[in-house]
Peer 1: 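What follows is a structure written as structure tokens; I'll ask about it next.
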There are 2 protein chains.
Amino acid sequence: MDFLQDLGKVALGSRLRRLGEVFAVDAARLYEMYGVDIHPKWFPVFYLLSRQGECSITTMSKSIGCSHPVVSQVVKEMAKAGLIKTGKSSEDARVNVVKLSTAGKALIPNMEVQVQDVFEAMDVLLRQMRHDFWEALEEMESLLGERSFLERVVERRKLRESRQVEIVEYSDEYHEDFKRLNYEWIRHHFKVEREDYEILEDPHGKILEPGGAILLALYENAVVGTCALLKKDSKTFELVKMTVSTGMRGRSIGWKLGCAALEKARSLGAAKAVVESNTKLKPAISLYRKLGFERGTAQHSPYERCNIQMEINL
Amino acid sequence: MDFLQDLGKVALGSRLRRLGEVFAVDAARLYEMYGVDIHPKWFPVFYLLSRQGECSITTMSKSIGCSHPVVSQVVKEMAKAGLIKTGKSSEDARVNVVKLSTAGKALIPNMEVQVQDVFEAMDVLLRQMRHDFWEALEEMESLLGERSFLERVVERRKLRESRQVEIVEYSDEYHEDFKRLNYEWIRHHFKVEREDYEILEDPHGKILEPGGAILLALYENAVVGTCALLKKDSKTFELVKMTVSTGMRGRSIGWKLGCAALEKARSLGAAKAVVESNTKLKPAISLYRKLGFERGTAQHSPYERCNIQMEINL
DNA sequence: TATATATATGTAGCCAACTACGTAACTTAA
DNA sequence: TTAAGTTACGTAGTTGGCTACATATATATA
């Protein structure tokens, strides 16, 4: 058992299942003890029928919350044991109407006594606890209902990965990646324009030498995002070539790149930064807004694809 | 789902298991997502080996807390998948020393990242809760460790049954039951003596007519216990023929009979009641003590089997 | 030393859940 | 009214756990 201890909270699932098993084992003994001579797995069906009178297979599987083959199987077994009578419905020949036989009904009183005792024992047990186990269980179920555990883990993963993302300055070794990522996203959404080609093929001549900058996001030594600052005039830079590789989106890499770029612009003496985009690109617009950009006065853009201009005072 | 609602706390077991399942399903997706290309059920073995280096089958089954065939099976499957190397121990040719292969070890980094993320997600989830689910779980486990759920239900049952036990005065219709129960217990522990025979065959002449009384415990209209008051003198009664049927012990029936008998003695004007027994009969002695009897001065008893005399002032 | 018992493992088979798929019956739309 | 889709149910096969039993080896005891 040191193992569960060791794994601790990671093994909560197994732990819950195991605790459930403990109850199940005891339950099996109880049926015997109370003279309710049924297989434990029959109980849900039996109980349901004792309450509802008659049910179809599907109705039962839905209210019990298990697959219909299980119910079908159980009904077959119980019929063989003489506890159940089945028959076709007169209204819909597909449905199998199931009800308790006389022998089955004869078990009801014992079963009710058993349920009563089990209920009381559980009630006493729960009231004896310092923690409200029942409420805690409900809360856990409801939280997992809002967002599954899987989603929660994925979120942690993205967080961890984003922490491992590093922003670095451009150097020639990144030229291929810089081109690849940008051509990819442009081709995916629009088409490559003359301006794109010129910049991507000659980042040195078109961005760096005129006094701009290029930043790259690295994750595990691979380039997963790019962003550049184009110098417009002594006090103004334009944010361009901002992209994050498809597999790494949702990890705040755009945010990191954006922050780093604005920081860089400030250090280069900028008073204002602008960015052009397309209203189709919702996530991009929303990122720029989060970074502090606001819708600016529309100006002539060299790109066909741009229909919105945003700016920020630094 | 109305079913679980309806059954409420009675179905706690299923509910726990189901919640455990939810985690298990998500876990299965996670292995894939993290590139830990293993069957979910392999995880415990894999994790253990990644920590311990090498283990035997039994060691693993013990620390994981599952049966050894499962481990044996998993090891076979993992070996087939090339993740594990096995070999006989040099010290003990029975033990199968299991360790990760190079391919298996290659998965460790991914697995560790996964465990880390899962741990954090769980930690966040638990800290987000108003109730302390983790503590509640521990408390529940510890309570069930002290006394199993089965025992708790049995206790409720006894309580319920004892509430249904009724104490009535003797009448001739009970003669057979009175005799049967008493002969049974005497024969079981000792042997029937002349005195027993006389009283049991003629309760009217030996008990009632001299001014004594007989009380019976009824459960579902069946006699499940007896007790009589023998008049010794105007102020003293002796408690005799106190017995409870074997199947109904542990339901405080003796206590009920005893209380009723003392009450009856008082109403008959007694100032003192005595009882004779044998020190071998621990439960009987302890019952008398609980009723208020204290060890009295030993007197001559007509029964061979008696070696202790107790009395109480009413 | 011979024998009895304990231990480590593997094999076979059971069990209760599941999914996948086929069939029959009903419902809807052309 | 016919075709297409939906629903109810059963069957078959999978899975992950279990227990029971068989086998080989170790250890303890007469």
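Heavy atoms only: backbone and side chains are in, while hydrogens, waters and symmetry mates are out. Each chain gets a letter, A, B and so on, in the order its sequence line appears, and its residues count up from 1.
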Peer 1: Tell me what B:Pro40 touches on the nucleic acid: a base, only sugar-phosphate, or nothing, going by heavy atoms under 4.0 Å.
Peer 2: nothing

Peer 1: Measuring from the side chain of A:Cys66 (C-beta onward, heavy atoms only), which nucleotide among D:dT11, C:dT9, C:dC18 has the closest atom?
Peer 2: C:dC18

Peer 1: Between C:dA8, D:dG16, C:dT11, which one does the side chain of B:Arg94 approach most closely?
Peer 2: C:dA8

Peer 1: Nearest to the side chain of A:Asn96 - D:dG10, C:dA17, D:dA8?
Peer 2: D:dG10

Peer 1: Just name whichever nucleotide pairs with D:dA24, Watson-Crick or G-U, keeping both distances under 3.5 Å, else none.
Peer 2: C:dT7

Peer 1: Where each residue is assigned the nucleotide of DNA chain D containing its nearest heavy atom, which of A:Arg17 and A:Lys76 is assigned the position nearer the 5′ end?
Peer 2: A:Lys76

Peer 1: Where the side chain of A:Pro69 is defined as all heavy atoms beyond and including C-beta, which of D:dT11, D:dG17, D:dC9 is the nearest nucleotide?
Peer 2: D:dT11

Peer 1: For A:Gln116 and A:Glu120, which I'm curious about, is there any donor-acceptor pair between the side chains at under 3.5 Å?
Peer 2: yes

Peer 1: For B:Val97 and A:Lys41, take the nucleotide of DNA chain C holding the closest heavy atom to each; which residue's nucleotide lies nearer the 5' end?
Peer 2: B:Val97

Peer 1: Taking the side chain from B:Arg152 and the backbone from B:Arg147, do they hold a donor-acceptor pair closer than 3.5 Å?
Peer 2: yes

Peer 1: If only side-chain N and O atoms of B:Lys88 are considered, is one of them under 4.0 Å from the OP1 or OP2 phosphate oxygen of D:dT25?
Peer 2: no

Peer 1: Where the side chain of A:Ile57 is concerned, which of C:dA17, D:dG10, D:dA26 is the nearest nucleotide?
Peer 2: D:dG10

Peer 1: Once you round it to whole Å, what is the distance between C1' of D:dT7 and CD of A:Glu91?
Peer 2: 16 Å

Peer 1: Quick one: does A:Arg156's side chain have a donor or acceptor within less than 3.5 Å of a partner on A:Val154's backbone?
Peer 2: no

Peer 1: Within 45° of the six-membered ring axis of B:Tyr34 and under 6.0 Å from that ring's centre, is NZ or CZ of A:Arg157 located there?
Peer 2: yes

Peer 1: Using a heavy-atom cut-off of under 4.0 Å over every strand shown, decide if A:Ser67 touches base, sugar-phosphate, or nothing.
Peer 2: base

Peer 1: Among C:dT9, C:dT19, D:dT11, which is the nearest nucleotide to the side chain of A:Ser72?
Peer 2: D:dT11

Peer 1: Grab the CE-C1' distance between A:Met78 and D:dG10 for me, whole Å please.
Peer 2: 18 Å

Peer 1: Whether A:Thr58 contacts D:dT7 is assessed here as follows: a side-chain N or O lying under 4.0 Å from the phosphate OP1 or OP2. Is that the case?
Peer 2: no

Peer 1: On DNA chain C, does the nearest nucleotide to A:Asp92 precede the nearest nucleotide to A:His68 from the 5' side, or the other way round? Give the residue.
Peer 2: A:His68

Peer 1: Taking CD from B:Gln73 and P from D:dG17, how many angstroms apart are they, rounded to a whole number?
Peer 2: 11 Å

Peer 1: A:Glu21 CD to D:dG17 P: how many Å, rounded?
Peer 2: 11 Å

Peer 1: With no hydrogens and no angle check, do the side chains of A:His131 and B:Glu135 hold a donor and an acceptor under 3.5 Å apart?
Peer 2: no

Peer 1: Nearest whole angstrom, please: distance from the P of D:dG17 to the CD1 of B:Ile64.
Peer 2: 10 Å

